[in-house]
Amino acid sequence: MMAAYFASVVFWLVAWPPISRALRAGRPPEFSAQTQQKIDTAVQDAIRKVLVEEGHPEGVPVRRSILWHLIKHRTPYDPTVWQHAEEKLKLKKIQRLHQSATALGFKLTTTT
């Protein structure tokens with residue numbers, strides 16, 4: 001019994017630190033180029049399938065945020081949602097630009 005305890009303690013002191021470091025390093029598994037290409041193709045096919053099922057038009061480029069929204073909310077593709085989000089982002093960027101200019105002592109005017 002004592003020998004088993006001693007062996008486990010020695011294992012944890014000697015062998016576990018390198019094993020633990022290797023696990024925490026989070027290195028991706030090493031695949032051959034051919035295997036990586038097959039994986040990438042399968043992922044692209046799966047993404048394309050989800051987009052078609054959700055009603056996204058074929059051939060239109062898709063951003064990751066759109067794909068995530070479709071998968072998360074299980075809603076069909078609606079381009080007006082993304083147009084609204086882009087307009088909101090544009091306004092946010094303009095506000096940030098005005099704040100930066102004010103902080104530097106400038107005043108920006110908006111022309112229409």
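- In this structure D40 satisfies the salt bridge (Lys or Arg N to Asp or Glu O under 4.0 Å) test with no other residue, sequence neighbours excluded.
- Apart from F106 itself, the hydrophobic cluster it occupies contains L104, where clustering links Ile, Leu, Val, Met, Phe, Trp and Tyr at side-chain heavy-atom distances under 4.5 Å.
- For the atom pair CD (Q36) and OG1 (T41), the distance works out to 10.0 Å, reported to the nearest 0.5 Å.
- Every residue two or more places apart in sequence or in another chain was checked for a side-chain contact (heavy atoms from CB on, under 4.5 Å) with Q95, and none qualifies.
- In this view, R96 and K92, K93 satisfy the side-chain contact (heavy atoms from CB on, under 4.5 Å) rule, not counting sequence neighbours.
- With sequence neighbours excluded, the residues that form a side-chain contact (heavy atoms from CB on, under 4.5 Å) with I94 are K90, H98.
- Applying the side-chain contact (heavy atoms from CB on, under 4.5 Å) criterion to S100, with sequence neighbours excluded, gives no partner residue.
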